[in-house]
Amino acid sequence: MDGDVTVHLPHALTDAAERIAREGGTTLDAFVASAVAEKLSAMKSAALLAERGRRADLGAFDRFMSRPNGLPAAPEDRLND
């Protein structure tokens with residue numbers, strides 16, 4: 001693949017993206033490349049966090065949080081069971 005991609009967007013979306021790119025002092029191509037990079041990063045981060053969550057040891061977490069001389073979790077930090 002040579003890196004060139006043609007994407008067909010609805011006119012309203014193209015107009016809005018061009019306007020935002022222009023206001024940001026960049027080109028539509030650069031804006032779209034940045035948006036794609038952000039989306040890929042978000043998707044990879046979500047997958048990483050999901051994998052980490054599957055490996056979580058909630059029993060160890062509960063033992064750590066209820067250790068002697070430890071402060072209890074703040075109400076907004078408690079898991080809803």
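We use all heavy atoms of the structure for the numbers below, so side chains are in, but hydrogens, waters and symmetry mates are not. The model shown is predicted, which means the values in this text are computed figures rather than measured ones.
- A salt bridge links Arg55 with Glu51: the closest approach of a Lys/Arg side-chain nitrogen to an acidic carboxylate oxygen falls below 4.0 angstrom.
- To the nearest 0.5 Å, atoms CG (Leu13) and NE2 (His8) are separated by 13.5 Å.
- Taking OG1 of Thr26 as the reference point, atom CD of Glu18 lies at 12.0 Å (rounded to 0.5 Å).
- One hydrophobic cluster holds both Leu9 and Val5 under the rule that ILVMFWY side chains link at heavy-atom gaps under 4.5 Å.
- Annotation for Arg67: atom CZ counts as buried by contact number, over 12 foreign heavy atoms lying within 6.0 Å.
- At distances below 3.5 Å, not a single donor-acceptor pair connects side-chain atoms of Ser34 with backbone N or O atoms of Ala30.
- Here the side chain of Arg63 pairs a donor or acceptor atom with the backbone of Gly59 at under 3.5 angstrom.
- When all heavy atoms are compared, the tightest approach of Ala21 to Thr27 is CB-O, 3.6 Å.
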